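Everything numeric in this text was worked out from a predicted model, so none of it was measured.
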Amino acid sequence: MKNNEWKEIGHCVYDLFYMQIGKPYSYFIRKSSKGKFEMLEITDLTKDKTKIGKRNWIKFSM
């Protein structure tokens with residue numbers, strides 16, 4: 001958040017088919033170091049067939 005506005009710095013896909021009900025949002029986003037974080041992506045909309053339905057942590061930095 002900067003100047004009372006959110007700035008999008010990354011996104012990922014989380015397919016509801018693979019949803020784990022009852023997990024808090026902190027399960028899907030984790031801080032890896034200062035200014036860096038990872039978001040969990042789970043989907044079947046990928047070109048890499050080995051990652052269909054598997055946990056894939058996407059890395060972002062601010």
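The two atoms that bring Tyr27 and Leu40 nearest to each other are CE2-CD2, 4.0 Å, heavy atoms only. Considering every non-hydrogen atom in both Trp57 and Phe28, the closest pair reads CZ3-O, 3.5 Å.
Evaluation of the ring pair (Phe, Tyr, Trp, His ring centres under 6.0 Å) test over residues 31-56, restricted to residues two or more places apart or in two chains, returns Phe37-Phe60. Residue pairs meeting the side chain to side chain donor-acceptor pair (under 3.5 Å) criterion with at least one partner in residues 29-41, sequence neighbours excluded, are Arg30-Glu38.
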